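Remarks on the structure that follows.
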Amino acid sequence: MKFTIPQSALYQALQRMISIIPLKTTIPILTNILFDLRGNRLQLTGTDLEVSIITGLDVIGEKDGSAAFPAKRLFDLVRELPDTPLGLEADSSHRLTIQTDRGNYKIAGESSDEYPHIATEKQTTQLIYRGSRFVNLVEKVIFAVSADELRTTLMGVLLEIRKDELRLVATDGHRLAKVRDLKFTHDGAADQVVIPVKALHLLGRNLDGVDDMTIGMSAEHITFQVGQSTIYSKLISGHYPAYERVIPTANPLTMTVDRELLSATVRRSSIFANQHTRQIRWELQPGSLTIHAQDAEMSGDSHETIAVEYSGDQMEIGYNANYVLEILRHIDTEQVVFKLKDTSSAAIIEPLPQPQDLDVMMLLMPIRINE
């Protein structure tokens with residue numbers, strides 16, 4: 001294998017795929033990136049067996065071939081090289097020489113025969129979607145994904161394809177985030193899959209300069225075709241919980257508040273919240289919200305009152321300050337509305353107004369107030 005490629009092109013390709021290469025694994029070949037040269041086309045492959053990426057690059061090829069090289073060492077070296085043409089040549093023992101105008105560097109590689117084959121399946125659903133819009137929707141829900149390894153289906157984002165909407169959902173049992181694209185239409189059958197977070201993060205890093213992407217779904221995999229790159233990911237198996245059952249349909253009380261004002265108040269209050277429970281107590285009265293926080297262990301407490309639009313009865317509700325702040329960070333509008341029922345029921349939080357063609361909804365469970 002022998003070819004020439006600009007340093008910047010190789011570095012950008014390695015940078016987009018390095019995050020999925022495991023640093024430690026019981027299968028050492030996975031710490032490598034597979035190089036496969038055919039003519040003037042170089043194909044790079046990286047995988048951790050759960051998520052894989054294949055990306056193509058135009059090069060000046062002189063001799064076809066393939067081999068796998070240590071990803072981190074190669075990435076660290078290419079990052080430090082000047083942006084000049086690099087000559088890369090691998091010999092029969094898979095030893096790679098990188099030639100620059102200042103010197104050369106040698107890296108031991110592995111046979112391509114040792115590298116795992118990325119299996120694909122017949123896709124049951126395929127659609128074209130704007131990449132930046134999809135990632136924007138993902139960012140609105142991904143914070144609510146669970147880290148509980150005993151509930152694996154909650155460790156991913158649910159993607160639902162319906163005839164007249166595309167929907168993303170994430171929940172950890174304490175909060176839930178749902179976003180619907182109301183402009184989306186689909187002629188095929190409805191479908192839903194649970195996508196690992198790692199695959200979605202990788203997708204976000206590969207969208208530079210790409211408008212539309214192709215999403216393909218099969219029984220066990222999802223594929224994102226993004227420009228010159230293809231991302232393959234195993235789906236999380238199992239049935240996603242019937243989340244719609246926990247979403248209240250009748251929360252008659254509403255509190256409308258300036259999002260930045262509420263965020264700043266909660267941030268200050270959280271300094272005085274118990275470091276374990278993160279509990280803050282909301283005291284709602286017509287026209288005002290007072291947020292109390294107390295940490296008995298540190299002998300500190302605080303209370304702060306802000307103006308809100310609320311006309312219901314006086315009510316006290318406990319929330320986790322961190323959860324409130326995360327939800328507010330993922331809402332873009334100046335105003336936010338809390339839809340409430342009572343002290344023990346979930347709150348529905350929505351941007352005001354809703355973004356065009358979208359429906360964004362966050363759900364937050366209250367916590368028991370410690371006396």
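Starting from 1, each residue takes its place in the sequence as its number. Quick caveat, the model's predicted, so the values are computed rather than measured.
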Item to check | Qualifying residue for side-chain contact (heavy atoms from CB on, under 4.5 Å) with Trp282, from Val324, Leu340, Thr290 | outcome: Val324
Checklist entry - Backbone N or O of Leu358 within a donor-acceptor pair of the Gln356 side chain at under 3.5 Å? => result no
Next on the checklist: Nearest 0.5 angstrom please: Glu309 CD to Ser288 OG, how far?
Outcome noted: 13.0 Å
Checklist entry - Does anything in residues 21-48 pair up under salt bridge (Lys or Arg N to Asp or Glu O under 4.0 Å), and if so which pairs, sequence neighbours excluded? => result Asp36-Arg38, Arg41-Asp58, Asp48-Lys198
Checklist entry - At their closest point, which heavy atom of Gly61 faces which heavy atom of Asn40, and how far apart are they? => result N-OD1, 2.9 Å
Next on the checklist: On a heavy-atom basis, which atom in Asp148 and which in Ser146 lie closest, and how many Å separate them?
Outcome noted: N-OG, 3.0 Å
Checklist entry - Going through the checks in order, is the side chain to side chain contact (heavy atoms under 4.5 Å, CB included) test met by Val138 and Leu203? => result CA-CA 10 Å; Val138 168; Leu203 174 63; 5.8 Å; no
Checklist entry - Taking side chain as C-beta onward, heavy atoms only, is Pro82 less than 4.5 Å from Gln7? => result no
Item to check | Stepwise side chain to side chain contact (heavy atoms under 4.5 Å, CB included) test for Thr124 and Lys122 | outcome: CA-CA 6 Å; Thr124 55; Lys122 182 180 179 181; over 6 Å; no
Checklist entry - Rounded to the nearest 0.5 Å, how far apart are NZ of Lys72 and CG of Leu14? => result 12.5 Å
Next on the checklist: Ring-plane angle category for Tyr129 and Phe134, please: parallel below 30°, perpendicular beyond 60°, tilted otherwise.
Outcome noted: perpendicular
Next on the checklist: If I take atom CG from residue Leu176 and atom CD1 from residue Ile349, how far apart are they, to the nearest 0.5 angstrom?
Outcome noted: 10.5 Å
Checklist entry - Do you know the tightest heavy-atom contact between Ala68 and Ile29? => result CB-CD1, 4.1 Å
Checklist entry - Does the side chain of Thr45 come within less than 4.5 Å of Ser52's, by heavy atoms? => result no
Item to check | Check: Lys178 main-chain N/O paired with Arg167 side-chain donor or acceptor under 3.5 Å | outcome: no
Next on the checklist: Any heavy-atom pair between the side chains of Leu262 and Phe338 that's under 4.5 Å?
Outcome noted: yes
Item to check | Sidechain-backbone polar pair: Arg175 side chain, Met362 backbone, donor-acceptor under 3.5 Å | outcome: no
Item to check | Straight-line distance of Thr153 OG1 to Leu158 CG, nearest 0.5 Å | outcome: 9.5 Å
Checklist entry - Looking at Glu350 and Val336, what are the two nearest heavy atoms and their distance? => result O-CG2, 3.3 Å
Item to check | His186 vs Arg162 side-chain heavy atoms within contact, under 4.5 Å | outcome: no
Checklist entry - In terms of side-chain heavy atoms, does Ser19 have a donor or acceptor partner in Arg205 at a distance below 3.5 Å? => result yes
Checklist entry - Would you say Thr333's side chain and Pro353's backbone share a donor-acceptor pair under 3.5 angstrom? => result no
Checklist outcome for this item: In this structure, CZ of Phe224 is separated from CG of Asn206 (nearest 0.5 Å) by 11.5 Å
Item to check | Whether over 12 other heavy atoms sit under 6.0 Å from Glu149 CD | outcome: no
Checklist entry - Within a strict 4.5 Å, meaning less than it, do heavy atoms of the Asp313 and Met315 side chains meet? => result no
Checklist entry - Donor-acceptor pair, Tyr232 side chain versus Thr47 backbone, under 3.5 Å? => result no
Checklist outcome for this item: In terms of heavy-atom contacts, Pro22 and Thr31 come closest through O-CG2, 3.2 Å
Checklist entry - Any donor and acceptor pair, going by atom type alone, linking the side chain of Tyr319 with main-chain N or O of Asn322 inside 3.5 Å? => result no
Item to check | Residue pair Ile5 / Ile60, side-chain heavy-atom distance below 4.5 Å | outcome: no
Checklist entry - Got a salt bridge between Asp76 and Arg73, using NZ or NE/NH1/NH2 to carboxylate O under 4.0 Å? => result no
Item to check | Distance, nearest 0.5 Å, that separates CD of Gln354 from CE of Met361 | outcome: 10.0 Å
Next on the checklist: Determine whether a donor-acceptor pair (N or O, by modelled atom type, separation under 3.5 Å) exists between the side chain of His330 and the backbone of Glu326.
Outcome noted: yes
Item to check | Minimum heavy-atom distance Pro286-Gly312, with the two atoms named | outcome: CG-O, 3.4 Å
Item to check | Heavy-atom side-chain contact between Gln15 and Phe75 under 4.5 Å | outcome: yes
Checklist entry - Are the side chain of Gln275 and the backbone of Ala273 linked by a donor-acceptor contact shorter than 3.5 Å? => result yes
Checklist entry - What residues form a side chain to side chain contact (heavy atoms under 4.5 Å, CB included) with Val197, not counting sequence neighbours? => result Ile142, Val145, His201
Checklist entry - Any side-chain heavy-atom pair from Phe35 and Leu44 closer than 4.5 angstrom? => result yes
Checklist entry - For Leu352, does the CG atom sit with more than 12 other heavy atoms under 6.0 Å from it, leaving out its own atoms? => result yes
Next on the checklist: Run the side chain to side chain contact (heavy atoms under 4.5 Å, CB included) test on Leu49 and Thr25 for me, step by step, so that the C-alpha distance in whole Å, both residues' side-chain angles and the decisive distance to 0.1 Å come before the verdict.
Outcome noted: CA-CA 11 Å; Leu49 298 183; Thr25 172; over 6 Å; no
Checklist entry - Can you check side-chain hydrogen bond (donor to acceptor under 3.5 Å, both in side chains) on Thr55 and Gln228, steps first, answer last? => result CA-CA 6 Å; Thr55 189; Gln228 300 298 318; over 6 Å; no
Checklist entry - Where the side chain of Asp295 meets the backbone of Phe272, is there a donor-acceptor pair that is under 3.5 Å apart? => result no
Checklist entry - Short question: side chain of Glu121, backbone of Glu220 - any donor-acceptor pair under 3.5 Å? => result yes
